[in-house]
Student: 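A single structure is presented below for examination.
Numbering of ligands and ligand atoms starts at 1, following listing order.
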Amino acid sequence: SSPDTEGVTPELEKAGLLNKTKIAEGGRKLRKNWNLSWVVLVGNSLVFFKDPKSQNPDSWKPGNSRPESSVDLRGAQLQWANDLSSRKNVFKLRTVTGNEFLLQSETESLIREWYRTIQNVIDRLVSL
Ligand code: I3S
């Protein structure tokens with residue numbers, strides 16, 4: 001069984017590699033800078049790592065690799081955003097604080113699964 005005290009460490013929902021760019025910070029538009037990112041969906045947060053050493057499902061655990069950034073999903077909005085990029089399979093994530101990210105994968109099934117799973121977390125947070 002897990003060494004974590006039950007209820008203290010949030011549940012790992014999903015982890016994997018996605019292309020990511022931030023396009024707005026606090027409502028202010030940013031210049032795109034696409035990068036491959038190790039993305040971890042855990043508890044109420046989407047956590048981004050750029051360190052290749054972080055590319056394992058345990059990377060988000062306290063004391064392990066340091067994340068590049070973290071997004072609070074409470075009140076966040078998702079929408080498909082093929083109009084915002086020449087890339088295919090792109091969606092936009094907007095936080096309540098007005099930060100906006102595009103997430104993209106070459107694999108349609110994979111990006112659909114990410115969209116669905118993140119939306120489920122957002123929906124769950126609404127009813128809490
Ligand atoms: O939406 P944009 O501004 O056309 O996005 C493209 C640019 O950011 C481009 O960089 P420059 O800032 O050097 O123009 C990027 O290299 C492209 O990847 C961006 O478009 P895509 O369609 O890849 O999201």
Side-chain angles (χ1 to χ4, degrees):
S1 70
S2 159
D4 296 317
T5 306
E6 208 176 312
V8 169
T9 302
E11 186 187 351
L12 176 67
E13 305 268 359
K14 195 169 176 59
L17 286 169
L18 292 176
N19 294 309
K20 185 202 77 172
T21 183
K22 194 173 186 179
I23 60 166
E25 166 87 41
R28 282 189 55 173
K29 195 170 182 283
L30 297 175
R31 188 165 186 174
K32 279 179 183 167
N33 180 23
W34 284 103
N35 282 113
L36 190 62
S37 186
W38 176 250
V39 185
V40 178
L41 179 58
V42 59
N44 304 348
S45 299
L46 199 61
V47 187
F48 301 118
F49 297 85
K50 57 182 171 186
D51 181 358
K53 292 194 294 295
S54 302
Q55 289 168 21
N56 75 74
D58 283 339
S59 56
W60 60 276
K61 288 184 177 170
N64 291 0
S65 314
R66 193 189 344 190
E68 179 190 18
S69 62
S70 176
V71 170
D72 182 1
L73 293 175
R74 190 179 297 269
Q77 293 179 316
L78 284 190
Q79 61 183 88
W80 291 106
N82 291 316
D83 55 328
L84 295 182
S85 176
S86 61
R87 297 178 177 223
K88 60 182 180 180
N89 309 326
V90 185
F91 66 78
K92 183 173 82 173
L93 170 65
R94 187 186 193 283
T95 69
V96 284
T97 56
N99 294 342
E100 297 184 353
F101 301 85
L102 299 183
L103 294 171
Q104 188 264 346
S105 169
E106 290 305 305
T107 308
E108 183 178 345
S109 58
L110 198 146
I111 202 72
R112 284 188 175 281
E113 185 62 22
W114 271 100
Y115 187 101
R116 195 178 67 82
T117 310
I118 295 171
Q119 187 65 60
N120 283 345
V121 171
I122 292 170
D123 292 346
R124 191 178 71 206
L125 290 170
V126 168
S127 53
L128 285 180

Student: Measure the CG-CD distance between L41 and E11 for me, rounded to the nearest 0.5 Å.
Tutor: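 Going from the CG atom of L41 to the CD atom of E11 covers 9.5 Å.
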Student: Enumerate the residue pairs fulfilling side-chain hydrogen bond (donor to acceptor under 3.5 Å, both in side chains) with a member in residues 115-126, sequence neighbours excluded, ordered by first and then second residue.
Tutor: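 Sorted result for residues 115-126: E13-R124, E113-R116, Q119-D123.
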Student: Could you give the N/O to N/O pairs under 3.5 Å linking ligand 1 and the protein, each with its distance?
Tutor:
residue	atom	partner	partner atom	Å
ligand 1	1 (O)	K32	NZ	2.8
ligand 1	5 (O)	K32	NZ	3.4
ligand 1	12 (O)	R31	NE	2.7
ligand 1	12 (O)	R31	NH2	3.1
ligand 1	13 (O)	R31	NH2	3.3
ligand 1	22 (O)	S85	OG	3.3
ligand 1	22 (O)	S86	N	2.7
ligand 1	22 (O)	S86	OG	2.6
ligand 1	23 (O)	W34	NE1	3.3
ligand 1	24 (O)	K32	NZ	2.6
ligand 1	24 (O)	W34	NE1	2.9
ligand 1	24 (O)	S85	OG	2.7

Student: Please list all pairs meeting ring pair (Phe, Tyr, Trp, His ring centres under 6.0 Å) that have one or both residues in residues 15-36, counting only residues at least two apart or in different chains.
Tutor: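 Counting only pairs at least two positions apart or across chains, no ring pair (Phe, Tyr, Trp, His ring centres under 6.0 Å) contact touches residues 15-36.
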Student: Mind checking what makes side-chain hydrogen bond (donor to acceptor under 3.5 Å, both in side chains) contact with T97, not counting sequence neighbours?
Tutor: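 For T97 the side-chain hydrogen bond (donor to acceptor under 3.5 Å, both in side chains) partners, ignoring immediate neighbours, are T95.
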Student: To the nearest 0.5 angstrom, please state how far the CG atom of L46 sits from the CG atom of L93.
Tutor: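 Answer for the CG-CG pair, L46 versus L93, is 6.5 Å.
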Student: Has the side chain of D72 got a donor or acceptor atom that lies under 3.5 Å from a matching backbone atom of S45?
Tutor: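 Flag not set: sc D72 to bb S45 has no pair under 3.5 Å.
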